[in-house]
Colleague: 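First the structure, which I've put down as structure tokens, then a few questions once you've had a look.
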Amino acid sequence: MLPKAYEPQEVEKKLAEKWQNAKLFAAKADKTKKPFVIVIPPPNITGALHMGHALNDTLQDVLIRSHRMFGEEAFWVPGTDHGGIATQNVIEKKLAKEEHKSRHDLGREQFVETVWEWYNECGNAIFNQFRKMGWSLDLADIRFTMDEKRAKAVYECFRQWWEKKYIYRGKRLINWCVRCSTALSDIEVEHEQHAGKLWHLRYKGEDGSDGIVIATTRPETIYADAAIAVNPKDERYKNMVGKKVIIPLANRAIPIIADEAVELEFGTGALKITPAHDATDYEVGQRHNLPAVSVINDKGKMINCPEKYLGMDRDLCRKETVKDLDAAGLLVKEEKYNNAVSTCYRCHNVIEPFMSEQWFVKMDELAKPAIAAAESGELQFHPESWKTPFVNWLKNLQDWCISRQIWWGHRIPVWYCRHCSEKGLTFATDKQGNKQLTKVSFEDGAKPIVSFNKPEKCPVCGGHDLVQDPDVLDTWFSSSLWPLSVFGWPEQTEDLKYFYPTSTLVTGYEILYLWVARMVMSGLAFTGKLPFKDVFLNGIVRDKTGAKMSKSKGNVIDPLDMTAKYGTDAVRFSLLMQAVPGKDIPYAEESITGARNFCNKIYNASRFILMNMEGINGPLAMPENLTELADKWIVDRYTNAVKTAREGVEKYNLAQTANALYHFLWGDFCDWYVELAKQRFQTDEKETVMALCVNILYGTLKALHPLIPFVTEEIAASLRPYVGVKEEFLLEQPYPQFNPSWCDKESVRKMEIIQGVTKEIRTIRSQFNVPPGLKISAVLTAKNEEELADLKEFAGYIKLMAKIENLTITANADKPKQTATAVFENITVYVPLTGLIDFEKERKRLEKDLAVAKANIASREARLSQESFIKNAPAQQVQKTKDELAAAKLALAQVTASLEDLN
RNA sequence: GGGCAGUUGGCGCAGCGGUAGCGCGUCCGCCUCACACGCGGAAGGUCACAGGUUCAAAUCCUGUACUGCCCACCA
């Protein structure tokens with residue numbers, strides 16, 4: 001005997017292994033089939049998977065499994081991402097914690113070696129989690145953004161873009177993370193509201209006058225001031241433009257200039273211009289030819305400033321400067337001010353705008369075709385509302401800073417001859433005593449040689465002393481090539497030809513620009529084809545109050561804990577039930593229990609059907625030419641549920657798919673069909689009934705399999721002998737087909753009446769506390785002959801479901817005494833309850849029904865009395881209203897009579 | 001400052017032209033021979049507000065108010 005409740009743990013372990021061993025998820029270029037391809041957003045090798053992955057990858061798995069069952073060659077391309085700064089940070093922290101070492105203690109080579117070791121460890125952990133979640137990724141065919149093939153793709157991209165002059169070297173103000181000690185691109189910077197202060201400072205006139213008062217949030221940068229700017233329209237300062245003022249504490253004179261960028265309303269209307277430490281100021285500086293002097297270095301320490309502050313940390317210097325300004329009487333005002341501060345998206349430290357020479361990609365040419373593809377609709381977004389932000393972002397694109405001053409990543413494939421580039425190269429000795437190239441300056445004469453491997457010799461002087469650029473590429477550089485590189489591009493492989501372009505990209509909207517936009521640009525640039533035509537953006541899994549999950553808030557739900565507790569299928573299904581495209585999902589442990597209960601319901605329904613299979617030899621074909629109402633009805637419900645489910649998959653609304661199947665299986669199949677079927681188990685109809693049960697259940701399991709693969713596979717295995725299926729796995733079988741000939745509106749209508757009447761009787765039973773075991777009698781009356789005939793025919797259903805012993809069905813019945821009354825549409829239900837009825841309760845019930853009936857009559861009559869309604873509304877609608885009016889009138893009459901009877 | 005979502009029973013959501021559904025929770029009754037992770041029943045909503053379009057609006061349009069998100073160089 002099977003256990004009473006479904007126990008997922010062992011089933012999942014067993015099946016996960018079976019699937020992988022059977023190579024069930026592998027795909028190959030099969031020209032007879034249509035490919036359906038998704039490249040996984042490769043998770044960073046930074047640790048365990050979180051709820052966001054659980055959602056994102058489950059959605060992909062449902063699509064992949066479904067399309068495989070639709071008969072397509074479905075390929076979900078697995079892999080992981082090296083994760084650049086994020087991974088380097090993780091390893092640095094680990095080193096510090098476990099060995100009290102910094103990366104500099106190890107040296108570059110050793111450090112990179114350590115990260116590779118970590119990759120082997122962490123990568124495997126991630127693949128195990130893939131397996132555990134039942135995601136249909138072929139784990140024997142894994143890719144990594146830093147493996148050899150992907151490195152070749154990165155180089156090829158760099159080479160081509162260098163030749164096209166898209167890639168260039170430039171010195172400008174970039175975003176510098178002092179903690180990660182690297183440059184960042186504009187989109188790797190986040191804006192946070194910080195409670196800060198606005199200081200009003202006096203800059204005295206060179207001529208000894210009072211000068212001008214400016215407002216700043218960054219007083220420590222006054223030493224880098226190049227000018228004071230005012231708006232040319234500002235009457236207050238009109239006659240001061242051109243004069244000079246003295247930088248406080250630094251005693252250096254700077255001019256007052258006029259520039260449109262200055263807001264009249266903000267602060268004092270006078271703005272200090274610090275080109276080397278602020279993006280706006282940088283632009284103003286360019287316009288007015290101002291020098292950009294840095295006073296903060298790459299470590300966040302003060303330089304080029306009065307001696308007192310030299311070497312001081314930028315934060316401390318701010319405090320000291322304010323204190324000294326105050327002492328000098330130059331601090332006019334200090335007010336609280338919330339300003340948007342740029343922070344690093346990896347470590348959340350404050351970003352320092354920093355003058356530096358970096359590698360960039362020119363974006364305008366690359367963006368154009370991407371904009372066109374989105375605008376023309378060739379590239380589709382689900383939900384579509386992301387199209388506009390996508391296009392707008394591309395239209396306002398700044399050049400992409402791709403160089404990072406970290407060690408973990410694709411090394412920039414550029415070399416320098418120490419002889420020819422001498423002046424442009426700066427070396428330093430590392431802790432291991434090795435001379436390392438630390439800085440490259442094209443301005444000072446570094447001459448690049450683009451090459452994947454170290455060149456034999458310098459093409460100019462023939463020298464052999466060549467060194468590689470110390471920087472690595474932005475991690476998103478390799479990610480942007482992912483849909484190409486996974487198939488071996490730039491090699492023209494069979495896989496590339498067959499599987500590219502891919503079908504759909506599934507990802508969170510938070511990396512729409514960081515990743516999706518760049519893949520679109522790269523894909524178009526190198527193949528002329530979009531890397532995918534559908535972009536399916538899923539929401540973010542939040543806590544139940546709608547807050548983002550984060551470790552610091554302590555509201556994180558670990559998917560692995562949850563799968564251990566409730567089973568993988570339950571976790572998957574709970575997410576899918578809420579997976580409306582683009583919507584965030586509020587999530588809590590409670591969200592899972594319902595899904596867990598559903599898995600258990602499936603299991604028990606199946607167990608029950610199997611229990612009743614004794615004496616029946618399969619396989620049982622799906623019966624045809626059904627005559628029994630319940631059979632015709634369930635077949636209609638089934639085929640429609642399957643249709644709705646498939647439509648959900650096709651339009652990326654997996655909540656629709658999950659809900660359709662959930663309600664069909666639980667509501668229609670278990671609550672009504674199986675309950676009604678029970679009485680036929682002992683009759684000669686048993687085989688027909690069991691054939692229907694088993695085939696419909698099996699079909700439903702197939703439709704559910706993409707969502708909850710484990711429990712469905714487990715049950716299907718037991719059911720298989722009865723349905724005559726050879727394949728070992730559900731994934732190898734076709735998705736259940738919508739069968740229009742099974743649709744039967746008439747049967748659905750009849751069942752609705754039976755269900756309605758049954759519910760009325762059940763309500764009465766419950767209302768008057770009729771003991772569950774007590775059989776009672778009931779009288780049904782209907783005026784309509786057809787309905788009367790139907791009721792008589794299906795009296796058995798009502799008797800069974802409502803537990804009625806004597807059911808009288810008649811055209812006219814006198815209301816018996818001590819009877820409860822209910823009306824369902826045109827049918828009046830009398831339930832004699834001698835000794836059980838509570839007249840007060842019954843009066844209240846009837847009065848309520850009376851009110852409803854009156855309201856219904858009033859509204860229908862009002863509508864029908866409007867000529868415009870009769871004239872303009874479809875005839876069907878008018879008829880419907882008339883029918884409703886008739887039913888309401890009948891209800892009114894019956895209820896009134898019953899009420900009078902009570903008196 | 002710009003853009004985009006959302007506002008539906010206690011909570012979380014679906015519905016998106018024909019007068020409201022689901023899950024959880026609540027209350028009542030049931031260990032009915034598949035399932036108490038279950039069965040039956042009940043209570044609970046003028047679908048944020050104001051206009052408009054339509055025979056008909058939770059559903060379409062306009063505006064308002066909150067809430068959230070994304071983007072942006074007011075220091």
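Lettering of chains follows the sequences in order, A, B, ..., and the numbering in each one begins at 1. Everything quoted here is computed from the prediction, not taken from an experiment. Both backbone and side-chain heavy atoms feed into the values below; hydrogens, waters and symmetry mates do not.
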Colleague: In whole Å, measure the gap between the P atoms of B/G21 and B/A58 for me.
Modeller: 14 Å
Colleague: Shorter than 3.5 Å, N or O on both sides, protein versus nucleotides 5-15 of chain B: list them out with atom names.
Modeller:
| unit_1 | atom_1 | unit_2 | atom_2 | d |
| --- | --- | --- | --- | --- |
| B/A14 | OP1 | A/Lys583 | NZ | 2.8 |
| B/A14 | OP2 | A/Lys583 | NZ | 3.0 |

Colleague: With a sphere of 6.0 Å drawn around NZ of A/Lys387, does it hold more than 12 non-hydrogen atoms of other residues, nucleotides or ligands?
Modeller: yes
Colleague: Establish, with yes or no, whether the OP1 or OP2 oxygen of B/C35 is under 4.0 angstrom from a side-chain nitrogen or oxygen of A/Asn597.
Modeller: no
Colleague: Please state how far atom NZ in A/Lys775 lies from atom P in B/U32, giving the value in whole angstrom units.
Modeller: 14 Å
Colleague: Please report the distance, rounded to the nearest Å, between CD in A/Glu265 and P in B/A75.
Modeller: 15 Å
Colleague: Among residues two or more places apart or on two chains, list those pairs meeting salt bridge (Lys or Arg N to Asp or Glu O under 4.0 Å) that have a residue in residues 388-399 of chain A.
Modeller: A/Glu375-A/Lys395
Colleague: Out of B/A34, B/A75, B/A72, which has the shortest distance to the side chain of A/Met611?
Modeller: B/A34
Colleague: At under 4.0 Å between heavy atoms, what does A/Pro389 touch on the DNA or RNA strands: base, sugar-phosphate, or nothing?
Modeller: nothing
Colleague: Among B/G23, B/C30, B/C70, which is the nearest nucleotide to the side chain of A/Lys548?
Modeller: B/C70
Colleague: Categorize A/Gln877 for me: base, sugar-phosphate, or nothing, with a 4.0 angstrom heavy-atom threshold over every strand shown.
Modeller: base
Colleague: Between B/C37 atom C1' and A/Lys4 atom NZ, what is the distance in whole Å?
Modeller: 12 Å
Colleague: Please report the distance separating the P of B/U67 from the corresponding atom of B/C37, rounded so that it comes out in whole Å.
Modeller: 41 Å
Colleague: To the nearest Å, give me how far apart CD (A/Glu7) and C1' (B/C35) are.
Modeller: 14 Å
Colleague: For A/Asn392, check side-chain hydrogen bond (donor to acceptor under 3.5 Å, both in side chains) against everything at least two apart and list the hits.
Modeller: none
Colleague: Suppose we screen for side-chain hydrogen bond (donor to acceptor under 3.5 Å, both in side chains). Which residues come up paired with A/Asp234, at least two apart in sequence or across chains?
Modeller: A/Arg236
Colleague: What contact category does A/Arg863 fall into here, base, sugar-phosphate, or nothing, at under 4.0 angstrom with non-hydrogen atoms?
Modeller: base
Colleague: Base, sugar-phosphate or nothing for A/Pro874? Non-hydrogen atoms, less than 4.0 Å.
Modeller: base
Colleague: Listed by chain and number, what are the ring-ring contact (aromatic ring centres under 6.0 Å, His included) partners of A/Phe768, not counting sequence neighbours?
Modeller: none
Colleague: Using distance only, find each side-chain donor-acceptor pair of residues 667-677 of chain A under 3.5 Å and give its atom names and separation, not counting sequence neighbours.
Modeller:
| unit_1 | atom_1 | unit_2 | atom_2 | d |
| --- | --- | --- | --- | --- |
| A/Tyr673 | OH | A/Asp631 | OD1 | 2.7 |
| A/Glu675 | OE1 | A/Lys678 | NZ | 3.3 |
| A/Glu675 | OE2 | A/Lys678 | NZ | 3.1 |

Colleague: Looking for any heavy atom pair under 4.0 Å, which part of the strands does A/Ala605 touch: base, sugar-phosphate only, or nothing?
Modeller: base
Colleague: Using Watson-Crick pairs (N1 to N3, plus N6-O4 or O6-N4) and G-U wobble pairs, both distances under 3.5 Å, which stems of at least 3 pairs involve RNA chain B?
Modeller: B:1-7 with B:65-71, B:10-13 with B:21-24, B:26-30 with B:38-42, B:48-52 with B:60-64
Colleague: Side chain of A/Ala5 only, please: which of B/C37, B/C70, B/A34 is the nearest?
Modeller: B/C37
Colleague: Which residue, A/Trp393 or A/Asp281, contacts RNA chain B at a nucleotide closer to its 5' end, judged by nearest heavy atom?
Modeller: A/Trp393
Colleague: Starting from P on B/G3, measure out to CH2 on A/Trp386 and report it in whole angstrom.
Modeller: 15 Å
Colleague: Using the P atom as the point on both nucleotides, what is the distance between B/G2 and B/U8, in whole Å?
Modeller: 26 Å
Colleague: With sequence neighbours left out, what residues match A/His200 under ring-ring contact (aromatic ring centres under 6.0 Å, His included)?
Modeller: none
Colleague: Taking C-beta and beyond as the side chain, do A/Trp393 and A/Ile187 meet within less than 4.5 Å on heavy atoms?
Modeller: yes
Colleague: Taking only the side-chain nitrogens and oxygens of A/Asn872, find out if one of them lies under 4.0 Å from OP1 or OP2 of B/C55.
Modeller: yes
Colleague: Could you tell me the separation between the CE atom of A/Met801 and the C1' atom of B/U32, rounded to a whole number of Å?
Modeller: 12 Å
Colleague: Say we look at B/A42 and B/C66: how far apart would their P atoms be, to the nearest angstrom?
Modeller: 41 Å
Colleague: Using whole Å, report how far CG of A/Asn769 lies from C1' of B/G29.
Modeller: 7 Å
Colleague: Under the side-chain hydrogen bond (donor to acceptor under 3.5 Å, both in side chains) rule, collect the residues that match up with A/Trp199, sequence neighbours excluded.
Modeller: A/Glu334
Colleague: Which part of the nucleic acid, if any, lies within contact of A/Tyr337, taking any heavy atom under 4.0 Å across all strands shown: a base, the sugar-phosphate backbone alone, or nothing?
Modeller: sugar-phosphate
Colleague: B/C33 and B/G44: how far apart are their C1' atoms, nearest whole angstrom?
Modeller: 36 Å
Colleague: May I have the distance from A/Ile609 (atom CD1) to B/C35 (atom C1'), rounded to whole angstrom?
Modeller: 12 Å
Colleague: Under 4.0 Å, counting only non-hydrogen atoms across every strand here, what does A/Arg860 touch: a base, just sugar-phosphate, or nothing?
Modeller: base
Colleague: Which whole number of Å gives the distance between the C1' atom of B/A43 and that of B/G10?
Modeller: 12 Å
Colleague: Report the nucleotide, chosen from B/A75, B/C55, B/U32, that has the shortest atom-to-atom distance to any side-chain atom of A/Ser868.
Modeller: B/C55
Colleague: Just by protein heavy atoms under 4.0 Å, how would nucleotides 39-48 of chain B read 5' to 3' in B, S and -?
Modeller: SBSSS-----
Colleague: Within this structure, what is the CG-CD1 distance for the pair A/Asn604 and A/Ile609, rounded to the nearest 0.5 Å?
Modeller: 11.0 Å
Colleague: Need one value for A/Glu675: base, sugar-phosphate or nothing, where a base atom within 4.0 Å counts as base even if backbone is also close, heavy atoms only.
Modeller: base
Colleague: Quick one, A/Lys4 and A/Arg607 - any side-chain contact, counting heavy atoms below 4.5 Å?
Modeller: yes
Colleague: B/A36 and B/C30: how far apart are their C1' atoms, nearest whole angstrom?
Modeller: 10 Å
Colleague: Give every residue pair that meets the salt bridge (Lys or Arg N to Asp or Glu O under 4.0 Å) criterion with at least one member in residues 583-596 of chain A, sequence neighbours excluded.
Modeller: A/Arg542-A/Asp584, A/Lys544-A/Glu590, A/Lys565-A/Glu589
Colleague: Out of B/A34, B/C37, B/C22, which has the shortest distance to the side chain of A/Arg596?
Modeller: B/C37
Colleague: Distance between the P atoms of B/U54 and B/C61, in whole angstroms?
Modeller: 15 Å
Colleague: With A/Ser574, which residues qualify under side-chain hydrogen bond (donor to acceptor under 3.5 Å, both in side chains), at least two apart?
Modeller: A/Tyr587
Colleague: Select from A/Ser606 and A/Gln866 the residue whose nearest nucleotide in RNA chain B is closer to the 5' end of that strand.
Modeller: A/Ser606
Colleague: Using a cut-off of 6.0 Å, state whether more than 12 heavy atoms not belonging to A/Gln682 lie near its atom CD.
Modeller: no
Colleague: Under 6.0 Å between ring centres: does that hold for A/Phe381 and A/Trp386?
Modeller: no
